[in-house]
Every structure is written in structure tokens, then in C-alpha cells.
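To start, the structure itself, in C-alpha cells.
The model shown is predicted, which means the values in this text are computed figures rather than measured ones. In what follows, chains are A, B, ... by sequence order, proteins preceding strands, each numbered from 1.
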Amino acid sequence: MIDPLVLRTDPDRIRESQRRRGENVELVDELVAADIAKRQAQTAFDELRSEQKGLGKRIGPLQGALKKAGTDEARQDAQTELDSLMTQAQALSDRVKEAERSAAAAGDVVDALWLQVSNLVNLESPIGGEEDFTVLEEVGTPRDFEAEGIEARDHLELGELLGAIDVERGAKVSGSRFFYLTGPGALLEFALLNLAMQQAVEHGLVPMITPSLVLPSAMEGTGFLGQAAENVYRIEQDDMYLVGTSEVPLAGYHSDEIIDGDRLPLRYAGWSSCYRREAGSYGKDTRGIIRVHQFDKVEMFVFCRPEDAEAEHAQLLAWEREFVDALEIPYRVIDVATGDLGSSAARKFDIEAWVPTQGTYREITSTSNTTEFQARRLRIRMRDGEQTRPLATLNGTLCAMPRVIVALLENHQQADGSVAIPAALRPFLGGRSAFTPVQ
RNA sequence: GGAGGCAUCGCCUAGCCCGGUCUAUGGCGCCGCACUGCUAAUGCGGUUUGGGUCUCAAGCCCAUCGAGGGUUCAAAUCCCUCUGCCUCCGCCA
């Protein structure tokens, strides 16, 4: 959610943001009107309630006086006054209840509208849709397999050759877009997990293993029940959701809390399974494990002062690059365009790894600066001297297993179908320097 | 799954039976001031969070006693539902 003060003082800023995202601009006008209506209703209730409390404050003592009254005359006077007050109070009671209902209803209208408004975009973000990103940098050089005289195999062929990936049985047991990592594949994931966590801990992030099933409040607070809702698995019987990223439980970790300013930034590295319905991507990436319904991921998450958020964002990107560098995979960094940010992000950088058999770069990490948007929704605040105010949250992928495995296998493959293991990963694989085809 | 207990403004705690000066008690912690070579001690004052009003601030008003409903002129207090924690029983590992 955006600071309501912006709506009252500079609604054009929100309109411009919605426009750049290609989202509903009229929403802002509805919100302006609803916000005014809500405040009027609230004030009306406050005044009636105040009146009611004033009456109540006189009735109590009067009843005491009535009991203690010494003479019939005194008793009579007290009774008369009490009756009069009670009549007024009874009449007021219905009006108070009515005003309370109106105020609550007006508040609900405003809340529902706010949930539809996306975060204010950063004005540096390139404007446009999915294809309108800016390339910030290209790192490493894709191998020229033709020059090496190698017929490049794709990750699935390699994975099957190595006995590392089994999608056929994944489909047999769970349906399409499910897979097994077997033998060396499973060991590879553990190695990647260990390398990622080692790096995270070196940088002072707190390692976390999070729930992957969460309540609606956590899902909504992180902004995944908006346009992204169709990609979320819902457990209807228990009214819970399977998370698509540990960003959700990590953000929710401090919900409803007020954190001392001098404890910030708080940085975490969460490990969890991630579940995505992949609705609307029928026919896309149907081969292999590039797009799957369930995978594991190490995700970084930061709570910091809003004024430090951009620096933290740069830091997260640097740590993502460090990890991909260690795996010796060629990649590029892109500045994601406004139409492709998702509702929470003000700015987003993706790292895309070179995938030889596709002759293109594919997303393997994504880091978002969600500014105060999620913190407001989840009621996470910081104590800053005298005042209490929302903090900023950021997230970034450290290692999304399937896509890293894809990039690793394809980029490091050898003529005989074996795959070289980058030096950084070897300590976590018993010193092995390559995976070799079975039999 | 069954039975019972508990949930109060950072932490602990009083209040609930019997509704109304509750504007929620006291202690600890914390902040400010005073006193004092310094520190400590002591004294005084302050210390939930959110919203509204207001140019700002101050002030004032409203809400907030786990959450949501209800009863009532009036709810921390009475009733119902839910959530979490604890104890016991059952079941499973």
C-alpha cells in the first residue's frame, strides 16, 4: 500500500505510476472520493460516540447518588434527572450504532480500493512491457560450441545422460511440469544450497528455513493475491496458500511488529520449496525443468530504513552476481520495465543466464525494491527516535535450483556429455570436477 | 479428536466473580529534568498503537485490554464464535 498522504497531497503521482504500469488510472479518482467519504463518516461517528460517553459519565454517579439519597425529595430529584438522561441515551444509542456501521463500511471500501493499487514505480524504471527492459550489463562470453566442434545438448538430454533429472516419472506421479532430481542431480542441488548458504552467511544474512504454506494475510500482504493470484495454489479446505517464493514467509516474519531503528537492516536468506500454477503459460517451456510447478529456492530478504532501500537493492544485486559469477555462467543484467514489475516492486533487476541451446538469455534471479509497499500492508514499522514509521523491504533470488541447474549443465557440458563442475562447487561435491554419463 | 485453563499499553502484574470517577493499577526497563566532583543512589515528570481535526506544532476528539460478533443507556468486566499458548486424556510417529 502507498502512503495515504500521497493520495491527499499529490494524487497525480499515483496516476502517473499507474499509467506507466499500464494499470487502472481511474482507480485513483475512486480512491480520492472514497477517502474523503471515509473520513467524514469517521468524524461523524467520533462525535456521536463522544456525546454518548458524556451521557454515560453522568449516569453512573447519578445511580450511586440515588442509592445513597437520604430523603425522598432527593431521591425523587435524582430519579427524574436519571430518567431524562436515560431517555436521551437510549435515543442516541441507535444513532451511534448506525454511524459506527457507516464508518466501518466506508473504511472497507477504501481498503478494498487500496488493495488494487500497485506500488509507485521508480521513475528510473524503463517504461513499457515485458520486452521493454534495459540491458545494464553483459558478463562473460557464451561458448562457441560450433567452433569447439560440439553438438550442444539441452539440459534435459544432459540430465538424463547423467542420471540427474527424471521428468517422465515426475509426470507419471504428479503430472506435467513436475520432476525428480536423482543421484548426481540431487547432490548438485544440495551443493548449490550449501554454496548459496555459505555465501549468505559470510555476508551476515541470517539463514532461515520457512513455512511454505501460509495464511491469506501473508499472501495478500506481499501482494500476490492481485494480478498474480492465478498463479497461486490455494488449499481451499483450510483456507491457506502454497507460497511461490519464501519472500512471502520472510516478509510476514516481522508482520505486526515495530523494530528498533538501530537493529536495521535485518537481512535473511530463506530456503523453501516454491509452488507455482503457471497458469497462462500453456505450451511455454514445456521441455525440461525451466518452468515447473514445484522447485526449491534460496531467497534473500531485507528489512531496512526507506532511505537505505536503493543501496540495499544494489547490494542484493551484487550478491546475486557474486553467486552466478562463482558458477562461471555467462549472463546479463536487465532493468525490468514498468509493466512487468508486479504489484509490489518499484524497481526490479533480473539476472538472465545464457542458455546455449536456446541461443538466448533466460531469467535466473530477480531482485525487487518494494519500498514501503509490503511493510504498510503487513504493518511492519520501525522506531526512529520519537516517531514510528513504515520501513522498506527488498527481496532477491540467491539460487533458484532448476534454472541454475539448467544453466550449469548446458554451459559446462563437454563433447562426451559429461559436465564440468565449477571450482566453487567442488568442495560441496566431494572434490569431484565433473559429472559423467551413466554406463 | 476430547476436557479444562490462560491471553491486559516493551516485560511482569492489578482489575473480571458483583458492568458506570478505568482517564486501565503497581513494579521493572527506558526517556527527560532536578540534586550531586563523576558514576551510583534519590526525587519529580513522561513512556501502547492507530485514526480524525489542525498550514505546522500544541491542544482536543475517537478507537484500541488476543480477533470478531452479541447483550446493555453503558463492556477489560456478562454471553457466543474464532485464533494462539499451556495442562490432561485419546490417537499417531
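Map A:K38 and A:L55 each onto its nearest nucleotide of RNA chain B; the residue landing nearer the 5' end is A:L55.
Remark: the separation of the P atoms in B:rA3 and B:rG68 is 26 Å, to the nearest Å. The same atom, P, is picked in B:rU81 and in B:rG20; the two are 25 Å apart, to the nearest Å. Taking the C1' atom of each, B:rU25 and B:rG37 are spaced 40 Å apart, rounded to whole Å. Here the separation of B:rU64 from B:rU49, taken at their C1' atoms, is 7 Å to the nearest Å. B:rG15 and B:rC92: their C1' atoms are spaced 43 Å apart (whole Å). Nucleotides B:rC62 and B:rA74, compared at atom P, are 16 Å apart to the nearest Å. For the P atoms, the distance from B:rU77 to B:rU39 is 47 Å, rounded to whole Å. Remark: the separation of the C1' atoms in B:rG2 and B:rA75 is 32 Å, to the nearest Å.
Pair assignment for B:rU64 gives none, since no Watson-Crick or G-U wobble pairing has each distance under 3.5 Å. Applying the Watson-Crick and G-U wobble criteria (two distances, each under 3.5 Å), B:rC54 pairs with nothing in any strand. Pairing for B:rU83 goes to B:rA7, judged as Watson-Crick or G-U wobble with the two contacts each under 3.5 Å. In this structure, B:rG37 makes no Watson-Crick or G-U wobble pair, since no nucleotide meets both defining distances under 3.5 angstrom. Applying the Watson-Crick and G-U wobble criteria (two distances, each under 3.5 Å), B:rA75 pairs with nothing in any strand. B:rU47 is paired with B:rG29 under the Watson-Crick or G-U wobble criterion, all donor-acceptor distances under 3.5 Å. For B:rG19, there is no paired base (Watson-Crick or G-U wobble, both distances below 3.5 Å). B:rG1 is paired with B:rC89 under the Watson-Crick or G-U wobble criterion, all donor-acceptor distances under 3.5 Å.
Atom CG of A:L398 and atom CZ of A:F301 lie 15.0 Å apart (nearest 0.5 Å).
Residues A:Q374 and A:E247 meet the side-chain proximity criterion, which asks for heavy atoms closer than 4.5 Å. Inter-residue side-chain proximity for A:S272 and A:K297 is flagged as unmet; no heavy-atom pair is nearer than 4.5 Å.
Protein atom CE of A:M382 is 14 Å distant from nucleotide atom P of B:rU49, rounded to whole Å. Distance CG (A:D239) to P (B:rC82): 16 Å, rounded to an integer number of Å. As a whole-Å value, the separation of A:L92 CG from B:rU72 P is 16 Å. Going from atom CD of A:Q387 over to atom C1' of B:rC31 covers 17 Å, rounded to whole Å. In this structure, A:D94 atom CG and B:rU71 atom C1' are separated by 14 Å, rounded to whole Å. Rounded to whole angstrom, the span from the CD1 atom of A:I380 across to the P atom of B:rU49 amounts to 17 Å. Atom C1' of nucleotide B:rU47 and atom CG of A:D260 are separated by 14 Å, given to the nearest angstrom. We find that CZ of A:R379 is positioned 12 Å from P of B:rG50, with the value rounded to whole Å.
The closest donor-acceptor contact from the side chain of A:T222 to the backbone of A:A218 lies under 3.5 Å.
For A:Q52, a side-chain nitrogen or oxygen approaches OP1 or OP2 of B:rA74 to under 4.0 Å. Phosphate contact (OP1/OP2 of B:rG52, side-chain N/O of A:R8, threshold under 4.0 Å): present. Applying the 4.0 Å criterion to OP1 and OP2 of B:rG50, one finds that A:R381 has a side-chain N or O inside that range. In terms of phosphate contacts, A:K53 brings no side-chain nitrogen or oxygen within less than 4.0 Å of OP1 or OP2 of B:rG20. Residue A:T43 places no side-chain N or O under 4.0 Å from the OP1 or OP2 atom of B:rC61.
Looking at A:R267 and A:E312, a side-chain N of the basic residue comes within less than 4.0 Å of a carboxylate O on the acidic one, giving a salt bridge. Classification of A:R15 and A:D12 as a salt-bridged pair holds, one side-chain N sitting under 4.0 Å from a carboxylate O. By the 4.0 Å N-to-carboxylate-O rule, A:E278 lies too far from A:R276 to be salt-bridged with it.
The residue A:I258 sits close only to the backbone: its heavy atoms come under 4.0 Å of sugar-phosphate atoms, none of a base. Within the 4.0 angstrom heavy-atom criterion, only backbone atoms of the sugar-phosphate kind lie near A:T388; the bases stay farther away. A:R383 comes within 4.0 angstrom of sugar-phosphate atoms only, judged by non-hydrogen atoms across all strands, and of no base.
The aromatic rings of A:H254 and A:F303 sit perpendicular, their planes meeting at an angle over 60°, well past the 30° parallel limit. Using a 30° and 60° split on the angle between ring planes, A:Y233 and A:Y275 fall in the perpendicular class, above 60°.
Taken residue by residue, residues 44-51 of chain A places heavy atoms nearer than 4.0 Å to RNA chain B at A:F45, A:D46, A:R49, A:S50.
Annotation: A:E168, atom CD; neighbour count of heavy atoms from other residues, nucleotides and ligands within 6.0 Å does not exceed 12.
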